[in-house]
Structure formats: structure tokens, C-alpha cells
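The next block holds one structure in the form of C-alpha cells; read it before the comments.
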Amino acid sequence: MDFAFDTRTEELRERLLAFMDAYVYPAEDVAREQRERLASPWDTPAVVGELKAEARRQGLWNLFLPDGEHGAGHGAGLTNLQYAPLAEITGRSPNLAPTALNCAAPDTGNMEVLAQFGSERQKKQWLEPLLAGEIRSAFAMTEPEVASSDATNVRTSIERDGDEYVVTGRKWYISGAMNPDCAVFIVMGKTDPDGADVRRQQSMILVPRDTPGVEVRRAMRVYGYEDHGHGGHAEVVFDHARVPAWHLIGEEGGGFAIAQARLGPGRIHHCMRLIGMAERAIELMCRRAVSRTAFGRPLAEQGVVRNWIADARVTVEQLRLLVLKTAWLMDTVGNRGAHTEIQAIKIATPRAVVDILDRAVQLYGAGGVSQDFPLAELWAGARTLRLADGPDEVHQRSLARRELSRYA
Ligand SMILES: Cc1cc2nc3c(=O)[nH]c(=O)nc-3n(C[C@H](O)[C@H](O)[C@H](O)COP(=O)(O)OP(=O)(O)OC[C@H]3O[C@@H](n4cnc5c(N)ncnc54)[C@H](O)[C@@H]3O)c2cc1C
């Protein structure tokens, strides 16, 4: 077993690390200051556009889109295994780096859906500007009224009317939708609510933001944060929003299958970035521990602090190996073959990284919960990933079912 990265990955890693040092970390404070002066906090600070232009110029662009039948020609053509260590690096600055490289959720998952299931017309209209970083997008599935971790519960209706579909429903926690650059929603709803097969009732449809009947109603908060960096998480109402029939993605009843395909890569990308967040937490912990003194000696000399740092390092090394193994399986046996490992990393990574960030917050004292260090925001972001893309318990249930099926 060879644990070394290949030449292309190493070369991209070096370029990306240099890009982070030269452009991304210095832009963190600039973006915060610029946002305070914007007419709306949801507008994109100018420095983000500059980062995108520079990343594109340097060829650090659309790295997420794997090679193969569907991705070929659109992205950098990397395998999941090649992309994993790069996504990890972007996770160190999760509000800026993924966007700078056009590798931010939910656009990445939406681009994958369009690349894999979209018609030529849909690709021209939305995939091309998304790949060029000219527009943003959102994915609208979760509904306040129903337990949405079970996609069969979704109530939004997508009703055929002549050569149009009429979309009616209420969604919330729709990431990115507060950003005015978010031009289109991929909406999950039901075209056949009474169909016998509950997994064939759903469809996905593209609804442009400016469609009459679409209202981005309010920004939902995350532990009190509005999460400006990720374009917020909006409540969105679709009140008889009419779109042409060609906006349907794939066929009627295909929504469930598309969702399954979309969420595999999305989950591993989150886990890769979470490891980068944990690495940043360890770095911040070490810097603080050696530079701050309490009761006559540096915090680094307290046994408990050393334990936190050592445990964090052990955990990160374990997680990284599992994420890389999962990426390798996705490349070699496909997303289906990597099902158990995808579930395993989705369960293990957010939980463990929340724990590491919590210790880092503790080490920083009041500073840890403040706005002056990134830890509080990183903690809130990591914590939500125990819910987003499916709560831990749903993945545990599904993993256990597979495990038990071998003995039934
Ligand atoms: C920051 C953030 C961003 C998000 N972004 C998006 C987005 O862009 N688009 C989108 O559509 N959604 C998004 N979501 C929503 C997210 O995907 C849902 O919150 C999640 O799928 C759970 O659905 P729910 O909130 O309806 O919880 P429910 O389905 O009501 O579940 C509540 C709890 O019940 C328990 N539970 C549920 N099922 C089981 C089970 N089978 N076994 C044991 N326990 C179970 C779990 O503990 C679960 O947390 C986001 C959420 C957050 C917090």
C-alpha cells in the first residue's frame, strides 16, 4: 500500500498551499471589513471576486469535478483521491477558499447533478455559468413542516400543467440562497404524490430565482450566526412558481435516485474540508499554548493541554486515512461500492472535529467564543454538519442495516 500522493496531487498541493498563504489567509480580515461596509451583508465582498480571478488564473479551478463519463471536460479531471488533500487545504479557510476555487457547496453538488443528469439545454443555461463561477445556486429539499431526513416525506408539489410545471411548497435552511448571485434552485418535490412506489414520487426541477412566486423570505440562523460567508441558509417559499417543462431534471420520478447520486461526493467533500478545519484548530491550539502563560508557566506545559493536542493529532490522522480510503473506493468501485465507508466518514468526521474545535475553544478561554478568532464560527459550521446532508442517526441506521443484513 502506497500512502504517498501522486506527482499531480503533490504539485497542486504545493500551488494551493502557496495560494492560501499569499491570498486566502490575508483576505479573511479584508472580507470581514468589506462585508461591514456593503449595502447588504449578503452581497459578495470585492475581495472574493479577486480571489476567484487569481485562482482561475493559476489553474486552481473546478478541482472537485472528477474525471470519467460525466465530469470529463468540465473540471480539472482529478480523481476523488487526488482531490481529497486539496479540499482538506481549502477547509482551513472554509468561508473563502472553496468559493475562491469554485469548489464550494452547494454549487459543486448542483454542477455534478447537471453534468450527470442535465439536458444539453440545461447545461448551456446553468452548468456553463456555474463552471465559470458567474452565478451561484442552491439545493432546496428540506421543509419545516416534515421530517426531511426522510426524503419520502417531502411535500412540495411539482405539478404538470400543459408545457409547464407549477412548483408549490416551503423550504428552509437552503444554503447560499441569501446571496443575490444565487440565480437558480434545484428543487426537490413530488410529481406523483400518490404513486405506489414512494421512491418514485419525487422529481427535481430547476427554478430560477426571478420566477414569479419565488420568495426568499428570511435568513435562518446557525447558533445565532447568519453565516454570511456561505450565503446564508434561507427560508424560501414557492407559491405556484411556473417554469417551462424542460426545467425538469431527468425524468419524472427520478428525484430520489438523483439525490442519492448527489449526496455521495458532497458528503466526502464536507469531510475533507472538516479535516482541514481540524488541522487549523490544532495549529491555533499549539500557537496559543506556547504563547500564553497561566500560573507561572506556558499553557503548553500543562498535561491536560498536551493531551488535547495529542488526542487531536491522533484523531485527525485516523479520519484522514478513512477519508482517503473512501475516496479511493469511490474511484475504483464507484459510489455504491463505497456506501459503507461514505456513511462511516459522514458519521465519524463531524463528531470528532466538533470535539477538537471544542477543546480549542476551551484553550482560548473567552477568546475562543469571540469573533476575534475563527474557532467559534468553525465550531458552529462543523456542528451543523452532524445534521446537514442527513443527521448522524440516519447514517448510523443505514450502516447498521447493511452490517446486520449479512447475518439475517
Ligand atoms: C446549516 C445547515 C445547512 C443546510 N443546508 C441545506 C440545504 O442547502 N438544502 C437542504 O435541502 N437542506 C439543508 N439543510 C437541512 C438538513 O439537510 C436537514 O436539517 C436534515 O436533513 C434533517 O432534516 P430535519 O431538519 O427535517 O430533521 P428531522 O428529519 O426532523 O430529524 C430530526 C432528528 O430526528 C432524528 N432522526 C431522524 N431520522 C432518524 C432515524 N431514522 N433514526 C434515528 N433518529 C432519526 C435525528 O436525530 C434527527 O436529527 C441544512 C441544515 C443546516 C443545519
Side-chain angles (χ1 to χ4, degrees), residues 94-95 98-99 104-113 136-156 158 167 169-179 182 184-190 198 202-207 209 216-238 249 255-256 258-260 262-267 269-270 273-274 277 343 346-347 350-351 353-354 376-404:
N95 282 350
T99 303
D107 299 303
T108 46
N110 293 342
M111 285 188 260
E112 277 158 3
V113 165
R136 303 293 305 266
S137 62
F139 182 71
M141 182 162 131
T142 303
E143 300 178 3
E145 283 92 358
V146 295
S148 301
S149 46
D150 176 357
T152 63
N153 282 339
V154 162
R155 280 201 196 140
T156 292
I158 304 176
V167 182
R170 184 158 78 99
K171 304 283 188 182
W172 75 347
Y173 280 90
I174 306 312
S175 300
M178 295 305 296
N179 181 341
C182 171
V184 65
F185 299 93
I186 294 184
V187 180
M188 176 91 150
K190 285 192 175 169
V198 290
Q202 303 82 358
S203 301
M204 281 195 201
I205 194 157
L206 288 147
V207 181
R209 184 195 194 91
V216 178
R217 191 166 273 180
R218 60 176 175 151
M220 304 309 301
R221 294 190 179 172
V222 173
Y223 290 108
Y225 286 105
E226 288 202 308
D227 204 0
H228 297 127
H230 288 111
H233 309 281
E235 178 181 339
V236 186
V237 175
F238 300 89
I249 303 176
F256 203 90
I258 298 173
Q260 296 298 94
R262 179 190 188 279
L263 289 172
R267 285 174 185 145
H269 295 168
H270 276 313
R273 287 188 291 262
L274 277 163
M277 287 159 72
Q343 306 256 316
K346 174 68 174 82
I347 296 161
R351 255 194 332 214
V353 174
V354 165
E377 202 173 352
L378 289 175
W379 183 92
R383 179 63 184 83
T384 63
L385 290 173
R386 293 189 55 192
L387 292 166
D389 284 357
D392 294 355
E393 296 75 18
V394 172
H395 297 289
Q396 285 170 312
R397 174 177 174 265
S398 154
L399 197 154
R401 196 174 47 205
R402 272 196 169 220
E403 207 68 20
L404 286 164

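Ligands are counted one by one from 1 in listed order, and the atoms in each one are counted from 1 as well.
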- Message: If the cut-off is 4.0 Å to any non-hydrogen atom of D389, which atoms of ligand 1 fall inside it?
- Response: 17 (O)
- Query: For ligand 1, which atoms, with element, lie under 4.0 Å from some heavy atom of M141?
  - Reply: 10 (C), 11 (O)
- V146: numbered ligand 1 atoms lying under 4.0 Å from its heavy atoms: 26 (O)
- Mind checking whether V394 has an N or O less than 3.5 Å away from an N or O of ligand 1? no
- Query: Identify the closest protein heavy atom to atom 20 (C) of ligand 1: which residue and atom is it, and at what distance?
  - Reply: L387 O, 3.5 Å
- Is at least one protein non-hydrogen atom found at under 4.0 angstrom from atom 4 (C) of ligand 1? yes
- Query: Where do A151 and Q202 come nearest, in terms of heavy atoms and distance?
  - Reply: O-NE2, 3.5 Å
- Ignoring hydrogens and angles, tell me if any N or O in the side chain of K171 forms a donor-acceptor pair with the backbone of T156 under 3.5 Å. no
- Counting heavy atoms only, which of A388, S149, S175, A151 comes nearest to atom 27 (O) of ligand 1? S149
- Note on the structure: the protein heavy atom lying closest to atom 41 (N) of ligand 1 turns out to be R397 CD, 3.1 Å
- Query: Between the side chain of S149 and the main-chain N/O of A147, is any donor-acceptor distance below 3.5 Å?
  - Reply: no
- Query: What protein heavy atom sits nearest atom 6 (C) of ligand 1, and how far away is it?
  - Reply: Y173 O, 2.7 Å
- How far apart are the closest heavy atoms of R351 and I347, and which atoms are they? NH2-CG2, 3.5 Å
- Query: Quick one: does S148 get an N or O within less than 3.5 Å of an N or O on ligand 1?
  - Reply: yes
- Protein heavy-atom partner closest to atom 10 (C) of ligand 1 - residue, atom, separation in Å: T142 OG1, 3.3 Å
- Message: Does ligand 1 come near enough to E143 that some N or O of the ligand is less than 3.5 Å from an N or O of the residue?
- Response: no
- Query: Less than 3.5 Å between some nitrogen or oxygen of T384 and one of ligand 1, yes or no?
  - Reply: no
- Give a yes or no on whether the backbone of A177 and the side-chain of R209 come within a donor-acceptor separation of less than 3.5 Å. yes
- Message: Please check: side-chain N/O of Y173 versus main-chain N/O of R221, any donor-acceptor pairing under 3.5 Å?
- Response: yes
- Item | Ligand-residue contact atoms, ligand 1 with H233, heavy atoms, under 4.0 Å | 1 (C), 3 (C)
- Query: Do you see a protein non-hydrogen atom under 4.0 Å from atom 43 (C) of ligand 1?
  - Reply: yes
- Note on the structure: atom 49 (O) of ligand 1: closest protein heavy atom, distance to 0.1 Å, is P391 CB, 3.4 Å
- Which distance, rounded to the nearest 0.5 Å, do you find between the NE2 of H230 and the CE of M178? 15.5 Å
- Message: Treating K190 as the side-chain partner and N153 as the backbone partner, does any N or O pair qualify as donor plus acceptor under 3.5 Å?
- Response: no
- Task: Please round to the nearest 0.5 Å and tell me the distance separating atom NE2 of H395 and atom CZ of R267.
- Result: 4.0 Å
- Any idea which protein heavy atom is nearest atom 45 (C) of ligand 1, and the distance to it? E393 CB, 3.9 Å
- So, the side chain of S148 versus the backbone of E143: is there a donor-acceptor pair under 3.5 Å, distance only? yes
- Answer yes or no for atom 32 (C) of ligand 1: protein heavy atom present at a distance under 4.0 Å? no
- Query: Which atoms of ligand 1 sit under 4.0 Å from any heavy atom of F139?
  - Reply: 7 (C), 8 (O), 9 (N), 10 (C), 11 (O)
- Query: Short check: is a protein heavy atom less than 4.0 Å from atom 36 (N) of ligand 1?
  - Reply: no
